[in-house]
Participant: 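This is the structure, below, for whatever I ask next.
Keep in mind that the numbers below use all heavy atoms, side chains included, and drop hydrogens, waters and symmetry copies. Below, chains carry the letters A, B, ... as their sequence lines are ordered, and counting in each starts from 1.
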2 protein chains.
Amino acid sequence: MASTIRDVAREAGVSIATVSRVFNNSGLVHEDTRRRIDEVAKRLRYIPNGAARTLSTRRTQTIGVVLPDLYGEFFSEVIRGIDQEVQRSGWHLLVSSSHNDRVEIEAALRAMRGRVDGLIVMSPDLDAHELAQNLPEMLPVVLLNCAGDGGVYNSLNMDNRGGAYAVTEHLLRHGHRRIGLITGPMRNHDARERLRGAHEAFAAAGATAAPELEVAGDFSERSGHRAALELLALEPRPTALFAANDSMAIGALSALREAGVRVPEEMAVAGFDDIPIARYVSPPLTTVRVSIPELGGQAARRLFEAIRDTKSEQRHELLPTELVVRRSCGARPGSGEAWCAPP
Amino acid sequence: MASTIRDVAREAGVSIATVSRVFNNSGLVHEDTRRRIDEVAKRLRYIPNGAARTLSTRRTQTIGVVLPDLYGEFFSEVIRGIDQEVQRSGWHLLVSSSHNDRVEIEAALRAMRGRVDGLIVMSPDLDAHELAQNLPEMLPVVLLNCAGDGGVYNSLNMDNRGGAYAVTEHLLRHGHRRIGLITGPMRNHDARERLRGAHEAFAAAGATAAPELEVAGDFSERSGHRAALELLALEPRPTALFAANDSMAIGALSALREAGVRVPEEMAVAGFDDIPIARYVSPPLTTVRVSIPELGGQAARRLFEAIRDTKSEQRHELLPTELVVRRSCGARPGSGEAWCAPP
DNA sequence: TTGTAGGCGTTATCAG
DNA sequence: CTGATAACGCCTACAA
């Protein structure tokens, strides 16, 4: 049996109220008494019971994270960023992931009720408003990379449009006119925004998007592979490929290699995310960098603010991205406006 | 304010005890009363308060996971496996990750106290016994991929030795005698075991390990790149490279490409883990597959058993691995004894 | 089949 | 500075 506040009080010859004060640095306690209590507590290995504390204070010191079924390293890195902030504050992290549809997300949300002081929700396939009814009332929430601008909730998105715009503009500037787009699944918000960014770059350059040059993938290597073959069969063939994430770009690279198409001489290729492997494939991949841990960290910090100050205004923030030019797009890395990855 | 059991009781014209019975399917309740209570509860959106429940039952319905700072997708996939099992049982997952040393792990362990009914701990750099004193007493624990056999705790490891043995034997059988080993960090248990498996294969083939053919990496692409260059400079040069994980193998591939060394003609290459990209690099990577989600899932199932039956014997289990032959090692995929990945 | 009442371990409010 | 004591919301004998 773990010892309770009562054991400590008895052993130290004080009331439980005083022990409580010591453990919460609340109220004044005589230095001697404090020392005595500290000592007894250590000897008895006393640790306050979290449940009792929660029951009495209505605070859990825990934040909840609800995530969809994420592909690749995204999940790890988001959690890494969140966890770091959370630990720094001595809080805890309740995680629920791998939700594939709205029903599951809603169930997860319900399950979090009463167990967390705030929520980070990520559901790139769902509109924020659809979640509204199911979010526990009065609970601070940060929407991470959700569709919409977050509406009445705090929201944080990475700048998908800006990043896609930058890559596309880069390709256009280097003379490419027929650019094949390997898109993500259209129900996914990131995928839609990245496509939109590309379209805007086309428009700004006076070019127009050709529907036959857009092939949908699902963010997996395999789908990138397949899409590249499809685009390769077109007549005339595109001279550049922009995949909505690096995994698909890498799948495309492997397809091009098998087809004997040289990159970047015969076909420029670019991706999105700058996953670690991107610089180690052949040729190294031009892409858009976004710091996922930072995305998580910023979400956590925002949530803490919202918890601390419940009346604070909702905020909608955008995490900037960065074009990373490597060899796969044919431009000389380091040339022009683009940022160049260290070797 | 969320409604309490008392609100439901009043509204339904019964005592709180009866409402409690309904929500715990315990004791007999008249069908009519049950229906009435269910209905009222739904209308009031009543959800039992977890803290109160925990306080009175001493059960949290939560399992804790303590993980080190994991590289790449490993973390995601382990959690995916655990989370799936946990959700299936309607339990919760308290996560604490990114711990770099013993002090941090111990702090995390302490913080879990009283908040979880069981613990999955992963710390490939630490010996199980070192953790012993810091584990909350009497709490069911499963050690995941920890050094040692787990000792007095349940343990689950992937068959690192067996996998490494299989790759190495495969290379030896195809005529390679000078095999360069790119090892993981030696403080890491997986890394040590994989090296040991390779050594055992050497021994079984009557070959001996040459120290100059072993270069230490840290599981990152970059370190694999560097190690490959180092091995390439040897005279005579090795004819094959076995990296202790795929990331390093991919780094090595990029180094070989830059050096103009053809794979597999001039140098066979193999990795370990079978990460998704492994089959999309050039040439596709021969490696060892291990299902990480399954590793997590099995750990969770074992933990649930241990929680259900506190007196159950501690068990030490091994998750099998599987050799995946692709082009990078020069053997014809599908030939011989090896398992061949579908296209 | 249902109700009563004590207890789970803390915090917080009031008196002293 | 310190001590009683009433919540907090729920579970569970024990009674009825």
Participant: Describe the nucleic acid contact of T54(B) in one word from base, sugar-phosphate, nothing, applying a heavy-atom distance below 4.0 Å.
Facilitator: nothing

Participant: Pick base, sugar-phosphate or nothing for I37(A), based on heavy-atom distances below 4.0 Å to the nucleic acid.
Facilitator: nothing

Participant: Answer whether the closest heavy-atom distance between the side chains of L93(B) and Q87(B) falls below 4.5 Å.
Facilitator: no

Participant: Could you give the CG-to-C1' distance, from D7(B) to dC10(D), as a whole number of Å?
Facilitator: 13 Å

Participant: For a quick test of reading the model: is some side-chain N or O of R58(B) closer than 4.0 Å to OP1 or OP2 of dG9(C)?
Facilitator: yes

Participant: side-chain contact (heavy atoms from CB on, under 4.5 Å) with I63(B): which of V95(B), L119(B), V116(B), V86(B)?
Facilitator: V86(B)

Participant: If a protein heavy atom is under 4.0 Å from the base, mark B; if only from the sugar-phosphate, S; if neither, -; do that for nucleotides 11-16 of chain D going 5' to 3'.
Facilitator: BBB---

Participant: Starting from P on dC10(D), measure out to CZ on R115(A) and report it in whole angstrom.
Facilitator: 13 Å

Participant: Step through the shown structure and confirm whether more than 12 heavy atoms of other residues, nucleotides or ligands are within 6.0 Å of CD on Q84(B).
Facilitator: no

Participant: Using a distance-only test with no angle check, is there a side-chain donor-acceptor pair under 3.5 angstrom linking S76(B) and S76(A)?
Facilitator: yes

Participant: Check whether any side-chain N or O of N160(A) sits under 3.5 Å from a backbone N or O of A191(A) as a donor-acceptor pair, and report yes or no.
Facilitator: no

Participant: Please check if the side chain of T60(A) supplies one atom and the backbone of T62(A) the other of a donor-acceptor pair under 3.5 Å.
Facilitator: yes

Participant: Whole angstrom is fine here: how far is it from CG in N25(A) over to P in dA12(C)?
Facilitator: 12 Å

Participant: Return whichever of R36(B) or I47(A) has its heavy-atom-nearest nucleotide of DNA chain C closer to the 5' end.
Facilitator: R36(B)

Participant: R6(B) has an atom CZ; how far is it from atom P of dA7(D), in whole Å?
Facilitator: 11 Å

Participant: Below the 4.0 Å mark, does dG9(C) have OP1 or OP2 next to a side-chain nitrogen or oxygen of T4(A)?
Facilitator: no

Participant: Take the protein atom CG of L55(B) and the nucleotide atom C1' of dG6(C), then report the distance between them rounded to whole Å.
Facilitator: 13 Å

